[in-house]
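Working notes, structure below.
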Amino acid sequence: MPTIKDVAALANVSPSTVSRVIKGNSRISNSTAERVRDCMKQLNYYPNQMARTLVTKRSKTIGIIQKSGDNSIKQNPFLLDILTGIHRYSEKHSYLTVVTTSTTDEELKREVERSIQSQYIEGFILLYSRAHDAVEQLLIDNQCPYVIIGKPLSNHGSLFVDNDNIGAAIDLTNYLINKNHEKIIFLTEYSDYEVFKDRVKGYLQAMQQHHLVPQIQSIPLNRKEIKNCLIELLKSDNVTAIITSDTMLNMMVISALYELKISIPEKIKTATFNDSFLNAYASPPQTAVDVYPDQLGRMAVHLLTNHIEGNNDYSCEHIIPTRIIERSSTI
């Protein structure tokens, strides 16, 4: 089994330098830190986390709180991409991550309570934002460091990183309006999460600014109900475009449209949010708003670890820009 001395010899540095890299010491140059981490990978060397915790009195472990839900929700590519960003940045700075797995809100609350009581988690990243959230209140009541990926709603002065989802929805709606679409439907899943509310707001603002009649429909992530909803919504021959609030809903919509023999983009245009490989390889490929989930995840870890370690060079908020990726579904 390789030791810290083996890593030091391969990297041509002292064992104490390897130790500082493992601890994320900012005084070590980036080039040296990268060389040491490369050598650790070559030797398949992993620091003994339990021993480090006993010595330093720190676990360097971050708790990732994702929305409660079944496997279909947890397989959302946006979630997978954001977790990848979190994991990569955490690993680079020698932090471990633990992700919640609960399927209901009550289970999630109990899971987070246990994590807080264990005193092993140094800080949390909340992957969603919603009003009067019991889990966020737990973090506030227990004075736990945390970062929200989303809009902060409490008066707690929370650290957060987000996109301008209202602005992104305005841009996407205007993009379709500029292509001479006037009857644009916005489909959103049943939800009390702020990200969906903001996207609806942006769509409304854009439609009203152009004196167009908005049409918003909230539906569950259920293919049969989505199909029935589309049958009713598309009875009007004037409907020419559909915006969905999220990729998972978009996938179900284009599947239902295929079954109804409504071709995209010939008969109707479709566009969505949260770009991923699903959008790129759909049939046809879907126009989507890229929200840069990897950057959201990395910035969340940056804010949290700086806060945990008492660094003063952080701000409370960061807004990650978005962009529209045009594909065949709207051309």
Side-chain angles (χ1 to χ4, degrees), residues 1-66 79-100 115-116 118-127 139 143-149 158-161 292-318 320:
M1 180 178 293
T3 67
I4 196 169
K5 291 182 179 179
D6 296 325
V7 176
L10 183 61
N12 196 27
V13 297
S14 67
S16 61
T17 297
V18 177
S19 178
R20 291 189 184 97
V21 171
I22 293 171
K23 293 175 183 177
N25 191 313
S26 60
R27 294 184 179 180
I28 303 298
S29 69
N30 289 335
S31 60
T32 299
E34 287 296 331
R35 186 168 78 253
V36 169
R37 280 191 282 268
D38 286 342
C39 293
M40 289 169 63
K41 289 179 181 177
Q42 289 180 43
L43 295 173
N44 203 27
Y45 172 79
Y46 296 96
N48 186 320
Q49 182 66 22
M50 186 63 71
R52 285 173 58 200
T53 300
L54 290 173
V55 172
T56 65
K57 308 301 181 184
R58 291 191 57 199
S59 68
K60 296 202 75 172
T61 301
I62 297 170
I64 314 301
I65 305 172
Q66 56 182 337
L79 179 61
L80 299 177
D81 288 343
I82 209 165
L83 288 174
T84 298
I86 289 172
H87 174 71
R88 285 176 177 169
Y89 195 87
S90 298
E91 183 180 44
K92 184 176 180 180
H93 293 271
S94 304
Y95 276 80
L96 300 177
T97 56
V98 178
V99 184
T100 60
S115 296
I116 294 172
S118 73
Q119 298 184 343
Y120 185 73
I121 307 296
E122 291 200 44
F124 294 86
I125 297 176
L126 197 57
L127 299 187
L139 301 177
Q143 299 182 329
C144 299
Y146 73 97
V147 173
I148 299 171
I149 297 184
S158 307
L159 299 174
F160 78 95
V161 57
Y292 296 99
D294 182 80
Q295 289 189 34
L296 289 169
R298 287 190 285 114
M299 181 55 69
V301 178
H302 174 72
L303 289 172
L304 182 60
T305 55
N306 274 358
H307 181 52
I308 289 172
E309 294 170 10
N311 296 337
N312 294 320
D313 59 339
Y314 69 88
S315 60
C316 289
E317 61 186 76
H318 283 270
I320 304 299

Query raised in the report: What residues form a side-chain contact (heavy atoms from CB on, under 4.5 Å) with Lys92, not counting sequence neighbours?
Result: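 Counting only residues at least two positions away or on another chain, Lys92 forms a side-chain contact (heavy atoms from CB on, under 4.5 Å) with Glu34, Arg37.
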Query raised in the report: With Glu91, which residues qualify under side-chain contact (heavy atoms from CB on, under 4.5 Å), at least two apart?
Result: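 His87.
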Please report the closest heavy-atom contact between [X] and [Y], naming both atoms and the distance.
{"X": "Ile121", "Y": "Gly63", "value": "CG2-N, 3.3 Å"}
{"X": "Asp294", "Y": "Thr84", "value": "OD1-C, 4.4 Å"}
{"X": "Gln66", "Y": "Thr100", "value": "NE2-O, 2.6 Å"}
{"X": "Ala8", "Y": "Ser14", "value": "CB-C, 3.7 Å"}
{"X": "Pro293", "Y": "Asp81", "value": "CG-CB, 3.5 Å"}
{"X": "Arg298", "Y": "Gly85", "value": "CG-O, 3.4 Å"}

Are [X] and [Y] packed together at the side-chain level, in the sense that at least one heavy-atom pair is separated by less than 4.5 angstrom?
{"X": "Ile116", "Y": "Cys144", "value": "yes"}
{"X": "Arg35", "Y": "Val13", "value": "yes"}
{"X": "Thr61", "Y": "Tyr120", "value": "yes"}
{"X": "Ile148", "Y": "Leu159", "value": "no"}
{"X": "Thr97", "Y": "Ile86", "value": "yes"}
{"X": "Gln42", "Y": "Leu10", "value": "yes"}

Query raised in the report: What pairs with Tyr292 under ring pair (Phe, Tyr, Trp, His ring centres under 6.0 Å), at least two apart in sequence or on another chain?
Result: none
Atom [atom1] in [X], atom [atom2] in [Y]: separation rounded to 0.5 Å?
{"X": "Ile149", "Y": "Leu126", "atom1": "CD1", "atom2": "CG", "result": "9.0 Å"}
{"X": "Phe160", "Y": "His318", "atom1": "CZ", "atom2": "NE2", "result": "9.5 Å"}
{"X": "Lys60", "Y": "Glu309", "atom1": "NZ", "atom2": "CD", "result": "5.5 Å"}
{"X": "Ile125", "Y": "Leu304", "atom1": "CD1", "atom2": "CG", "result": "5.5 Å"}
{"X": "Ile62", "Y": "Ile308", "atom1": "CD1", "atom2": "CD1", "result": "5.5 Å"}
{"X": "His93", "Y": "His302", "atom1": "NE2", "atom2": "NE2", "result": "8.0 Å"}

Requested in this report: Might you work through the side-chain hydrogen bond (donor to acceptor under 3.5 Å, both in side chains) test for Ser16 and Ser19, ending with a clear yes or no?
Outcome: CA-CA 5 Å; Ser16 61; Ser19 178; over 6 Å; no
Report task. Answer yes or no: does atom CG of Asn12 have more than 12 heavy-atom neighbours from other residues, nucleotides or ligands under 6.0 Å? Result -> no
Requested in this report: Go through Ser158 and Tyr146 one step at a time and tell me if the side-chain hydrogen bond (donor to acceptor under 3.5 Å, both in side chains) criterion holds.
Outcome: CA-CA 7 Å; Ser158 307; Tyr146 73 97; 2.8 Å; yes
Requested in this report: Compute whether any side-chain donor of one residue and acceptor of the other, for Ser115 and Ser118, lie under 3.5 angstrom apart.
Outcome: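 There is no such pair between these side chains.
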Query raised in the report: So, Asp6 versus Thr3: side-chain donor-acceptor pair below 3.5 Å or not?
Result: yes
Query raised in the report: Looking at Val301, Thr305, Leu303, which hits side chain to side chain contact (heavy atoms under 4.5 Å, CB included) with Val147?
Result: Leu303
Report task. Look at the side chain of Thr32 and the backbone N and O of Ile28, then say whether any donor-acceptor pair between them is shorter than 3.5 Å. Result -> no
